[in-house]
Amino acid sequence: MRTEYSVLALLVFVCCLGGCAFFEPDPVTESFQSMGTRASVTLAGRDAARMPEARARAKEVLDRLEAEMSVYRLDSAISRLNRLAGTEPMEMPGDSLRLLELSREYGRLTGGAFDVTVGPVVSLWRFGKDRPPAIPSERELTRQRGLVGYAKVRLEGKTAFLPQPGMRVDLGGIAKGYAVDLAWEQVRKLGLAGFLIDLGGNVRVSGRPRRGKGWSIEIRNPFDTSSTLGRLDLQPGWAVATSGQYERFVVIDGRRYGHIIDPRTGYPAVGLAAVTVIADDATVADALSTGLFVLGPRAALPILKETKAEAIFIPEKEPAELWVTPGIEKRLVLTGRGTVGPLPGW
Ligand code: AMP
Ligand code: MG
């Protein structure tokens, strides 16, 4: 009897020494729909009771930005700006204006590979439309390409103006990352031990899920999206975004055409299956994952060096190869069939 008590006492003592790490509850997750995709908030187990507040804060931000920026909502500020193309400037709400400014910056940084005015060309490919998709004619492509150009967007004071009728802004390549950053700021004010926000694959973390442990995310297999290729360990504060044609595509004559368009050709970008970018904030990660998907690994090198972002490129051929930047090589653990190698030219 006595020995049992002392064993129990010793166990309690050891647990307390270790910060009760053995008995720390698992992280908890709640999901909801926003910005046309699945959003989720995950909290360290210790913070589980704060979930209602954390979820409410994140949802409020994401829903507000969706109402402001969605091109699927006729009454959003971005839809109104698009309707005023070629007519007059429009005073923009603060977040839309900020995001238009940031989009111009990333347009410049990627030499126009990331271009939020690519919408008129994207529509030609009829992603998610009722009409059967078809390869656009050269005439259509040439005409619509004439409406594309991030540098044409005029930003003056609080106003934005699209100078040509038919021009269109589509923030689909950057708005989710921006929304994650704003939601992250709001949830951070709760002073939690650790949390993770995910909006359709745009992730940002804070703190830790458990004492002595960091957050990690899974790298999905772009050739079989029900499986994973690896696990990436993240540092507190890091953000991750992935772009891939498998996320949204049309099939024409048995061939897949993905939703990320190369603004130079008007055709879907080819050569890669997926690009993951790891950065200090989710806006950069989102914009760069889309832009670098278009540019490919070689042209991406100077941009990654300049922004100090890390990346994983998966070329469009099986078996899967993961080309990674040196800063994250040690943080990546393979979990599926695939090989890891350095980014060519680094
Ligand atoms: P993401 O999933 O972040 O890579 O964003 C893809 C979305 O961005 C597409 O569905 C389009 O709405 C839009 N998009 C497509 N091509 C481009 C591009 N070259 N630059 C910026 N946005 C793009
Ligand atoms: Mg993106």
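Remember, it's 1-based here, ligands and their atoms both numbered in the order they're listed.
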- Mind jotting down which protein residues get a heavy-atom contact under 4.0 Å with ligand 1? Chain and number order, please. Ala113, Phe114, Asp115, Val118, Asp170, Gly172, Gly173, Ser243, Glu247, Arg248, His259, Ile260, Ile261, Pro263, Asp286, Thr290, Val294
- Message: Taking 2.8 Å as the cut-off, does Gly173 contribute an N, O or S atom near the Mg ion (ligand 2), distance below it?
- Response: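 Coordinating: yes.
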- Task: Return yes when at least one N/O/S atom of Thr290 is nearer than 2.8 Å to the Mg ion (ligand 2), and no when none is.
- Result: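 Coordinating: yes.
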Any salt bridge linking [X] with [Y]? Criterion: basic side-chain nitrogen under 4.0 Å from a carboxylate oxygen.
X: Asp95; Y: Arg64; value: yes
X: Arg210; Y: Asp26; value: yes
X: Glu101; Y: Arg104; value: no

- Note on the structure: Checking distances from the Mg ion (ligand 2), one finds that the N, O or S atom of Asp286 closest to it is OD1
- Item | Distance-only donor-acceptor check, side chains Trp323 and Glu321, under 3.5 Å | yes
- Would you say the ring centroid of Trp215 lies under 6.0 angstrom from that of Phe195? no
- Message: With a 3.5 Å distance limit and no angle check, can you tell me whether Ser243 reaches the backbone of Phe293 through a side-chain donor-acceptor pair?
- Response: no
- Task: Answer yes or no: is there a donor N or O on one side and an acceptor on the other, between the side chain of Arg331 and the main chain of Asp233, under 3.5 Å?
- Result: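 Yes.
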